[in-house]
Amino acid sequence: LLESFTAAELYLLTMLMYVGRGDMGVDDLLDDYESMSDSFSKPQWAVDQLLSKSSLDIYLTAGMARLSEAQIDLQQWFDR
C-alpha cells in the first residue's frame, strides 16, 4: 500500500511519525519536511523506515493529535 504513495506523501507520513514519537515538534514542519526528503532521498527508504516501526499506528495517531492541538491541518500539505 505505501508503495502506491507519492514521494511527498511518504515524506509527510514519515514526518508525522516522528512528530508522534516526539522526535520533532510542530513549530518547524516545513524544515522538518525538507529534512525528510533529504534524509530519505529515495521514497523506498521512507517506506522501509515506516514499516520498521511496530508502533507505527500509535506514532501516526499521536502525530495527528499533536498537529490537531496546534491547529495544523495536514490536508493542506497533501493539497499542494
Side-chain angles (χ1 to χ4, degrees):
L1 175 67
L2 288 176
E3 280 107 7
S4 68
F5 286 28
T6 67
E9 291 167 336
L10 289 169
Y11 299 145
L12 283 170
L13 283 174
T14 306
M15 180 184 69
L16 181 62
M17 178 193 67
Y18 283 120
V19 168
R21 283 181 18 163
D23 297 327
M24 293 181 172
V26 295
D27 296 330
D28 296 316
L29 289 178
L30 184 56
D31 288 339
D32 292 337
Y33 172 78
E34 290 174 0
S35 293
M36 290 299 99
S37 62
D38 291 342
S39 296
F40 302 102
S41 58
K42 294 184 180 183
Q44 185 59 47
W45 295 352
V47 169
D48 293 344
Q49 181 69 1
L50 289 164
L51 294 178
S52 72
K53 305 300 179 219
S54 61
S55 299
L56 180 61
D57 60 329
I58 295 168
Y59 298 147
L60 293 175
T61 301
M64 288 300 295
R66 289 189 66 199
L67 291 179
S68 180
E69 289 169 9
Q71 298 181 340
I72 297 171
D73 180 9
L74 191 62
Q75 186 62 42
Q76 294 174 2
W77 289 73
F78 285 103
D79 292 340
R80 293 181 178 192

To the closest 0.5 Å, what do you measure between [atom1] ([X]) and [atom2] ([Y])?
X     : Y     : atom1 : atom2 : value
Tyr59 : Met17 : OH    : CE    : 8.0 Å
Asp28 : Ser35 : CG    : OG    : 9.5 Å
Met24 : Arg66 : CE    : CZ    : 11.0 Å
Thr14 : Leu50 : OG1   : CG    : 4.0 Å
Phe40 : Leu10 : CZ    : CG    : 10.5 Å

Which pair of heavy atoms, one from Val26 and one from Ala70, lies closest together, and at what distance?
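That would be CG2-CB, 3.8 Å.
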Just jot down the side-chain contact (heavy atoms from CB on, under 4.5 Å) partners of Thr6, sequence neighbours excluded, or say none.
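In terms of side-chain contact (heavy atoms from CB on, under 4.5 Å), with neighbours along the sequence ignored, Thr6 is linked to Ala8, Glu9.
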Please identify each residue that fulfils side-chain contact (heavy atoms from CB on, under 4.5 Å) with Ala7, with sequence neighbours left out.
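With sequence neighbours excluded, Ala7 shows a side-chain contact (heavy atoms from CB on, under 4.5 Å) to Tyr11, Pro43, given in chain and number order.
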Do Asp73 and Leu67 have side chains that get closer than 4.5 Å, going by heavy atoms?
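No, too far: nothing below the 4.5 Å cut-off.
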Hey, are the side chains of Met15 and Tyr18 touching, using non-hydrogen atoms and a 4.5 Å cut-off?
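Of all side-chain heavy-atom pairs linking Tyr18 with Met15, none is under 4.5 Å.
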I'd like to know if the side chain of Thr61 and the backbone of Ile58 have a donor-acceptor N/O pair within less than 3.5 Å.
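No; zero donor-acceptor contacts below 3.5 Å.
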Sequence neighbours excluded - salt bridge (charged side-chain N to carboxylate O under 4.0 Å, His left out) pairs with any residue from residues 35-60:
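For residues 35-60: none.
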